[in-house]
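Reminder, nothing fancy here: chain letters follow the sequence lines and each chain counts from 1.
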2 protein chains.
Amino acid sequence: MAERSRRASRPSGDDRQEAILITTEALLQSRDFDSLSIDELAKGAGISRPTFYFYFASKEAVLLALLDRVIRQVEDRVAALSREFEADPASAWRRSIAAFVEVFSEHRAVATAAMAVRSRNAEVHDLWSRSMLSWVDYTAEVIEAERTRGAAPIGIHARDLAASLNLMNERVLLAAATGEHPAVTAGAELDVLVDVWVRSIYGVIPVSN
Amino acid sequence: MAERSRRASRPSGDDRQEAILITTEALLQSRDFDSLSIDELAKGAGISRPTFYFYFASKEAVLLALLDRVIRQVEDRVAALSREFEADPASAWRRSIAAFVEVFSEHRAVATAAMAVRSRNAEVHDLWSRSMLSWVDYTAEVIEAERTRGAAPIGIHARDLAASLNLMNERVLLAAATGEHPAVTAGAELDVLVDVWVRSIYGVIPVSN
DNA sequence: CGAGTTAGTCAACACGGTGTCGAGAGAACT
DNA sequence: AGTTCTCTCGACACCGTGTTGACTAACTCG
């Protein structure tokens with residue numbers, strides 16, 4: 001209701017920058033990142049193409065800014081995760097994996113665009129890698145703690161196991177998000193992932209007869 | 001020594017087509033698929049850019065042809081895999097996974113290019129998916145057989161488990177092939193993957209204290 | 001208040017890659 | 001010798017990117 005006339009005429013630079021981000025994320029809901037042209041992003045934000053370059057150096061830079069927000073959330077979540085696994089390890093892992101699943105699906109459009117672009121764009125690649133690394137670090141620490149307290153059997157290098165499991169999650173969720181085949185049955189992703197994690201961290205092979 | 005003069009002047013169409021394929025795979029050893037221009041592929045094959053279009057409709061079509069050859073090998077390997085798991089399941093799985101690892105690393109350049117391109121190219125995507133499906137089918141069949149004979153515990157839907165494990169392999173090997181971080185320690189990929197597979201297929205969680 | 005600075009804007013341009021068209025060269029068949 | 005078929009490429013139209021330089025509107029400080 002308030003703030004009408006005054007700042008009138010031109011929206012501020014921040015508004016414009018934000019408009020570009022919003023337009024991009026909106027277009028990404030239904031379109032391939034590659035198929036977006038800078039002209040579309042500019043038009044969507046109510047500016048001309050050259051003006052777009054005043055705000056961002058490229059399409060990829062916009063995606064990077066979008067991804068950066070998502071990554072922040074990821075880092076907050078990792079920091080907030082409990083390291084308390086003693087009472088009920090399976091449930092604790094489920095909560096951790098659920099955090100990852102949630103971040104991925106809350107920002108499905110940004111996540112899938114980032115996955116598609118990372119192979120050609122170093123910044124996007126690095127930003128996502130950093131995020132994955134924070135998950136892997138957390139996972140490796142917990143696995144080691146579980147082994148130390150005797151809850152999990154000693155096995156392969158904990159960090160390698162942590163990396164494999166996290167890469168599996170990434171790939172399985174990407175396949176689910178983009179509706180690929182093969183993929184895990186829709187809706188069952190979390191159950192399946194938790195099962196593989198728990199079995200490969202705690203599971204032992206019974207001695208055959 | 002033989003076949004000198006006669007067929008001289010112009011190389012045949014098949015030679016040219018093959019030259020394009022060879023040039024592309026060679027360039028792919030050291031360069032990003034996206035950074036390759038059609039002009040380079042044409043020049044490398046000793047023809048002009050318009051002539052390139054006589055042989056292939058696009059860069060992607062070349063990659064598709066390259067990938068198709070790899071896929072054939074994959075299918076042959078899947079068909080040749082033994083379904084004999086009773087004597088030594090862990091070794092049998094290791095052989096199966098090794099087949100996948102080998103195909104992936106023998107054709108590292110083509111595989112990584114295909115992974116990078118699949119998100120924007122339906123044909124490449126479908127071809128790779130079909131290949132993954134054949135691995136998943138094989139895996140799911142074996143898991144079910146192992147459960148039926150009582151060697152593996154009944155657990156989550158075998159096909160979902162098979163899909164997750166195969167997607168993990170794909171992602172772990174891609175990370176290894178492109179030197180990403182996080183990745184599994186170089187050289188340890190096969191050991192780590194086999195461990196996760198065997199534990200998640202056969203592993204049981206000991207009842208805690 | 002008015003001169004200077006800063007932020008923002010865009011028409012016009014240069015460039016590089018893609019894909020097409022149409023003319024033609026050479027082998028091959030008749 | 002003529003016709004056809006395969007193959008070849010110069011030249012062109014097109015599209016998306018990124019840059020330049022001139023312009024305008026608002027802020028600010030003497």
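- Residues from residues 37-45 of chain B with heavy atoms under 4.0 angstrom of DNA chain C, sorted by number: B/Ser37, B/Ile38.
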List, one per line, each side-chain donor-acceptor pair under 3.5 Å for residues 108-117 of chain A, sequence neighbours excluded.
{"from": "A/Thr112", "atom 1": "OG1", "to": "A/Arg108", "atom 2": "O", "distance (Å)": "3.0"}
{"from": "A/Thr112", "atom 1": "OG1", "to": "A/Ala109", "atom 2": "O", "distance (Å)": "3.2"}

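- With distances taken from any side-chain atom of B/Ile47 to the nucleotides D/dC9, D/dT6, C/dT18, the minimum falls on D/dC9.
- The side chain of B/Pro50 lies closest to D/dC9 when the candidates are D/dC7, C/dT18, D/dC9.
- The stretch residues 43-56 of chain B participates, sequence neighbours left out, in these salt bridge (charged side-chain N to carboxylate O under 4.0 Å, His left out) pairs: B/Asp39-B/Lys43.
- For C/dT9, neither phosphate oxygen OP1 nor OP2 lies less than 4.0 angstrom from any side-chain nitrogen or oxygen of A/Tyr53.
- Look at A/Thr51 and you won't find any side-chain N or O under 4.0 angstrom from OP1 or OP2 of C/dT9.
- Residue pairs that meet the ring pair (Phe, Tyr, Trp, His ring centres under 6.0 Å) test with at least one member in residues 161-200 of chain B, sequence neighbours left out, are B/Trp93-B/Trp197.
- In the region residues 22-31 of chain B, proximity to DNA chain D at under 4.0 angstrom, judged on heavy atoms, holds for none of the residues.
- Atoms CG and CD1, from A/Asp191 and A/Ile97 in turn, are 10.5 Å apart once rounded to the nearest 0.5 Å.
- Summarising the geometry, atom CD belonging to B/Glu40 is positioned 6.5 Å from atom OG belonging to B/Ser35; distances are rounded to the nearest 0.5 Å.
- Between B/Arg49 atom CZ and C/dG16 atom P the separation is 13 Å, expressed in whole Å.
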Before you tell me yes or no, could you show the steps for A/Asp76 and A/Arg72 under salt bridge (charged side-chain N to carboxylate O under 4.0 Å, His left out), namely the whole-Å CA-CA distance, both residues' side-chain angles and the distance that decides it to 0.1 Å?
CA-CA 6 Å; A/Asp76 289 352; A/Arg72 298 256 165 90; over 6 Å; no
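- The end-to-end axis angle of the helix from C/dC1-D/dG30 to C/dT30-D/dA1, rounded to 10 degrees and based on five pairs per end, is 10°.
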